[in-house]
Amino acid sequence: MLQRTVPMAILSLSGLILMLAYFSPMTTSWGETVLDWFNILAAVAFVLGAGNLLAVNLEKISSRRAGWAYAAITLIAFFLMLGFGLLKVGAVPNAEHPTVAFAGGYETAASPFGWTYEYIFSPLTATMFAMLAFYVASAAFRAFRAKNIESILLLGTAFIILLAQTAAGMFLTGWIPEESAFAFLRLDWMKVAITEHIQTAGMRAITIGIALGVVATSLRLILGIDKSYLSKS
Amino acid sequence: MNPHQKSHEQTSSLPPSATPSAPPSATPAATPSAPTPARPNHRFLWISLSVLGASLTVLGTAMAAQQQGTDVALATVALSKSIGTWCAALLTIGILTFLYRDNPFYKVCESILIGVSAAYWMVNGFWSTLVPNLFGKLMPGVVRDVAIPSLPVSATPGFDMALAFVPLLLGLMLLWRLSPKGGWISVWPLAFIIGTTAGIRLVASIEADLLAQASATIRPLVVFKETVLVGGIGAGSTTTSDPSVAMAASVQALDFWGTVGAVTGVVGVLSVLTYFFFSLEHKGAVGKSARLGVWFLMITFGSAFGLTVMGRITLLAQRLEFLFKDWMGIS
Amino acid sequence: MLARLGGIDRRWIFLAMGLSIAVPILLKLRFPEVPGPMAKATFNAIESVPEGSRVLLSFDYDPGSAGELQPMANAIVHHCAARGHKIVFMALWPLGKQMAEGTIKDVLLEFHPTYTYGKDYVQLGYKAGNEAVVKLMATNVPQQYSTDAAGAALASLPIVADLAKLADFKLIASLSAGYPGAKEWVQYANSADPEAFKVISGSTGVQVSQLLPYYPAQMEGMLVAVKGAAEYEMLVTAKYPSSEKPALLAERLGQGRVRMGPQLVAHLLMIGLIILGNVAMVAGRARGGAR
Amino acid sequence: MDRPHLTCLRRTSTRLFVAATPILLLATTVTAAAEEQSGWINTARVPLLIALVLICGAVIAGIAIARTGRPLHIRKLAALDAVEEAIGRATEMGRSVLFVPGIQDMTDIQTVAGVTVLGRVAKIAAEYDARLEVPTARSIVMAAARETVRAAHYSAGRPESYNEANIYYITDEQFGYVAAVTGKMVREKPAACFYMGAFYAESLLFAENGNSIGAIQIAGTAEPSQLPFFVAACDYTLIGEEFFAASAYLSGERDQLGSVKGQDFGKLLITAAILIGCALATAAVFMPSLTDAASTFKAILGG
């Protein structure tokens, strides 16, 4: 009962209220309350994430597994940042209410939290993403093969887009007059044709398909037919 | 949505993951599971820790000095900025060293990132959402005294407080996931989260992704050149809303590429939908249409591929700009 | 020789990629850009809202995507301010708030020093909840944001004092790097009130294909990757130059064009690598039979 | 989970649903009385409501038909046919098979679909006696995967060959997870790699590494931005909705198959709407009297 029926009831009810709230103006406020709760839970999930991180890393350190020292660094970084932020260390006092302890802004580069964000967190994430440029180059060489007509189409389109997105497009085909009968050979023309007609059409169909999948799954969940979230937890 | 994730872990492009693999010809790189030589590893660790500690000390002094005098303040702001730039540059390079091979420097950078990001998300969720939206209702007086002096006064504080107990309870139950026992307890908030997501996605998908997309696909399959208008409207006008004008124009000129584009758009959507139709085998006319659909899909992916590559390159360009300009001062 | 190429150490490829981006940056290679239809549509969307309208800018990205989206953010903020729009900043990503703060400091206050907080612009900050935030704001902004990011009651800030729901905005722009982002704004905000406001977006290259179906019916303008940023920068700086700080404006609103330089070389390298990889495969096969 | 238990649950859920609706309606009435200014229904959204009823009705009808026991057919999926070939090859070469169920938790539909596909892969692997490795990024996914693979070994008649240690949790952290998996790929060189689930930037890294060790790669995901990489670098890819259909087909659950049928019906509806709309719009070019009808039809669809 507590383990299955109640969760299923919670699920159906919250889903139905939100659907109802969209169509019936008088229930709009219910939907708003449900969404408010949802957003609070989303913030709690961050705490959960941090808790998981702690658990995994503490276990690594206590069992002295290989690389436990890195787990220690992770924890130190975590607690420093957490302390800076939660205690609002070095925060700029609130202009109107300078006496209220936690009313200040803690995110400017003048406070340790803001400083760490600006000079440690931000460059680290940005560089992590930037590494993908290298991997995509390596994948271009090692993995992207013209195996059949489909992959030739894919790679051929990619070539056109890659060229047309840069000055190479104008350089190679810019001399073809825009008004001539051969204007369709211009790379910028091809790019617009591909993105606006073919890619849009392809993505529309994919979007429609995925939307139907989402509808079916959501419906199965709300009706209590799909219970995968129960049995696997 | 998966509630146990930082929200943007679901973005289409996540931070790249490290591949410790090297080609067979290269020196085998260390992997997390492979035993790493303990000693150099740890020496490196202590060095980086002390560097971290030292920079924090300098930073702290800078902050303290900042609150005293103006001259000193200006100097310390500049100091904290230049220390920051050096820090950022070293960390950037630290991550990039992985391209050569896996190494402790990279691992330190990675560990810092993991720790800092988890804390950042938690702090942000706490101050931006939990304090005003949850605690602000549970104990508005305290929140007003301690954190948000101008928190609006509710007309029905008792009712608000009562309602706020629901997310509080669900939140605590969600945190129960951290305990090894009583897994079912966290299923309640999970069910709430899934139900809410299902409820809003169901309607939104039908409205924005099914109906609106179908509507956007609809268009006349024959397009006439709008400029060749006969009678009435001048050459500068491009409107064909007047049916009689459209009629007159229709006699004049067919817009070849416009028509091809319109037909392509519709045929594309329909043929790809045929490909996604699972009840019929891909034979005969259905098979041909599905095959056309696959070609549309491949061109779609090719284009997406090109655009993605562009994005990745931009990100690297931005990092290199930082290194050259802000750090090395080449401009 | 070609067959052996297949087994090349991939670090050489990494090096080639690094050089193909670093060298153009150091040489300051710049190429002319011609604004395309989508950049023009975005520009016109902001132009077409009456001067002094209330607009919402949602910063749905983090430093990881700043390379692509920051140039767009700079240009959009300058454009909105030049049109005298009242700007409300917010974020669906935790780090988005910081990105917005940076843009306010570097662009808004730099080129439009008369803009005052609370009267001309306001920072609502980040809220957890992804699409649920948008959905709640569609009907009830004060329930989601009881105060601004600094803790001031919305009622005390003239620009948002009467803000009840999203329909009170004339334009919503999402700078979007993924989920949640522009897609969610279209799905949950635009669907709720299709007539009330225009939705535009700036998006990363990765996200473009996902957003294309919504343009132009559900989303009036869309900046596509850094090329879109570069084109839009040109449109904005051409119409709204800065009389006091032209050099600084050229720098802050020129990042997109600067980053287009390395694109050319790197794209050519990519094409070359794909061709070379396939040639090596064919050569390897001819030599050693099947893989 | 045993079947009778399931049916019982299903009955409970139906009852719950039936009970919840009147409660909601009642509560609506009460609120309606209290707040006079707001209406019963937002008239502007009536067309959407009708569409919602139609499409949800199609899915429910599909499920209902499936429950009657009528045979349901789903077209062949090339990627699924290739599974056996890939595993057979791995056995011949004496190498392992790698299965990556994405990097999300069980709350993501794609992960659920991925684990379902894992069931089939595991069964074939058990029959061929090939070694199957499943590294996961979530502990709950690991539990689910172990359950699935164990069941597959039983149904293949080889419970003794099931080895729990081959299905393991690495870390929630994305960098760490991919580093460990790709490291393993380079060292052990699996002959077949399956990527089925929710993938982000790592799609490229997995596919690139798999390619460099010469493995047969079969992928399935509904992340549109990652599909280009899988399509370009893998041998077979289940694209978007196809991935869900494959999972429904393999799950053998009639409800799931029924809802795929329902989705097909939804697609038919959308196709019909597009065709009618285009016909009207095209006709309106020649017959201006139809212009109003065409634009009204389009507007109703668009909301």
Side-chain angles (χ1 to χ4, degrees), chain A residues 3 7 10-11 14-15 18-19 22 37-38 40 43-46 50-51 53 69-70 73-74 77-78 81-82 85 90 97 100 102 119 121 123-124 127-133 136 150 153-154 157-158 161-162 165 194 197-199 201-202 204-205 207-209 211 214-215 218 221-222 233, chain B residues 3 15-16 45 63 84 87-88 91-92 95 107 111-116 118-119 121-123 125 129-130 134 146-147 149 167 171 178 184 187 191-192 195-196 198-200 202-203 205 209-210 213 261 264-265 268-269 272-273 276 296 298-303 305-306 312-313 315-316 319:
Chain A
Q3 306 193 10
I10 293 177
L11 194 156
S14 52
L18 278 168
M19 285 165 69
Y22 198 61
W37 294 350
F38 177 86
I40 292 171
V44 174
F46 290 140
L53 181 90
Y70 298 112
I73 297 188
T74 301
F78 173 77
M81 193 70 169
L82 195 69
H97 309 274
V100 179
F102 289 102
Y119 297 113
F121 189 16
L124 279 175
T127 315
M128 275 290 182
F129 267 93
M131 297 273 278
L132 281 168
V136 86
E150 279 85 22
L153 269 177
L154 193 157
T157 313
I161 297 292
L162 284 172
Q165 283 284 63
I194 288 172
H197 296 298
I198 303 182
Q199 194 184 2
R204 279 215 169 107
T207 310
I208 290 173
V214 171
V215 169
S218 306
L221 284 165
I222 292 176
S233 293
Chain B
L45 174 74
M63 300 275 176
C87 247
L91 293 171
T92 303
I95 299 278
K107 281 187 178 162
S111 311
I112 293 175
L113 175 59
I114 296 169
V116 166
W121 282 314
M122 198 174 140
V123 167
T129 307
L130 289 183
L134 180 64
V146 175
L178 292 172
W184 63 272
V187 174
F192 175 78
T196 311
I200 59 177
L202 200 154
V203 182
S205 297
D209 288 353
L210 281 179
Q213 292 310 319
T264 312
V269 172
V272 178
L273 278 181
F276 286 136
F296 267 95
M298 290 306 139
I299 296 178
T300 302
F301 293 151
S303 178
F305 182 103
R312 306 295 192 220
I313 291 169
L315 302 181
L316 181 57
R319 287 327 290 160

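We name chains A, B, ... by the order of the sequence lines, and we start the count at 1 in each one.
By number of non-hydrogen pairs under 4.5 angstrom with chain A, the leading residue of B:Ile313, B:Leu316, B:Leu315 is B:Leu316. Among A:Met19, A:Glu150, A:Gln165, the residue making the largest number of heavy-atom pairs under 4.5 Å with chain B is A:Glu150. Counting heavy-atom pairs closer than 4.5 Å to chain A, the top residue among B:Leu202, B:Val203, B:Val272, B:Leu134 is B:Leu202. The candidate with the highest count of non-hydrogen atom pairs below 4.5 Å against chain A, out of B:Ala88, B:Gly199, B:Gly115, is B:Gly115. Highest contact tally toward chain B, considering only A:Ser14, A:Gly85, A:Ala43, is held by A:Ser14 [criterion: heavy-atom pairs under 4.5 Å]. Counting heavy-atom pairs closer than 4.5 Å to chain B, the top-ranked of the candidates A:Ala50, A:Pro123, A:Gly202, A:Gly15 is A:Pro123. Ranked by heavy-atom pairs under 4.5 Å with chain A, the first of B:Gly265, B:Ala198, B:Gly125 is B:Ala198. Per-residue heavy-atom pair counts under 4.5 Å with chain B were compared for A:Ile40, A:Thr207, A:Leu18, and the maximum is reached by A:Ile40. Taking B:Thr92, B:Leu210, B:Ile299 one by one and counting their heavy-atom pairs under 4.5 Å with chain A, the maximum is reached by B:Ile299.
Between A:Trp37 and B:Phe192, the angle of the ring planes lies from 30° to 60°, which puts this pair in the tilted group.
A:Leu154 touches chain B through backbone and side chain together, each having a heavy atom under 4.5 Å away. Proximity to chain B (any heavy atom under 4.5 Å) is shown, for A:Val215, by both the backbone and the side chain. Looking at B:Phe305, the atoms closer than 4.5 Å to chain A (heavy atoms on both sides) all sit in the side chain, from C-beta outward.
A:Leu132 has its side chain out of reach of A:Val136: every pair of non-hydrogen atoms, C-beta onward, lies at least 4.5 Å apart. Here the side chains of A:Thr157 and B:Met298 are not in contact, with every heavy-atom distance at 4.5 Å or above. Contact of the A:Ile208 side chain with the B:Asp209 side chain is not registered, since no non-hydrogen atoms from C-beta on lie closer than 4.5 Å. The shortest distance between side-chain heavy atoms of B:Leu91 and A:Thr127 does not fall below 4.5 Å. Between A:Ile198 and B:Ser303 the shortest side-chain heavy-atom distance does not fall below 4.5 Å. Side-chain contact between B:Val116 and A:Leu124 is absent, with no heavy atoms from C-beta onward closer than 4.5 Å.
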(request) Decide yes or no on side-chain contact (heavy atoms from CB on, under 4.5 Å) for B:Ile112 and A:Ile73, but give the supporting numbers first. (result) CA-CA 6 Å; B:Ile112 293 175; A:Ile73 297 188; 3.7 Å; yes
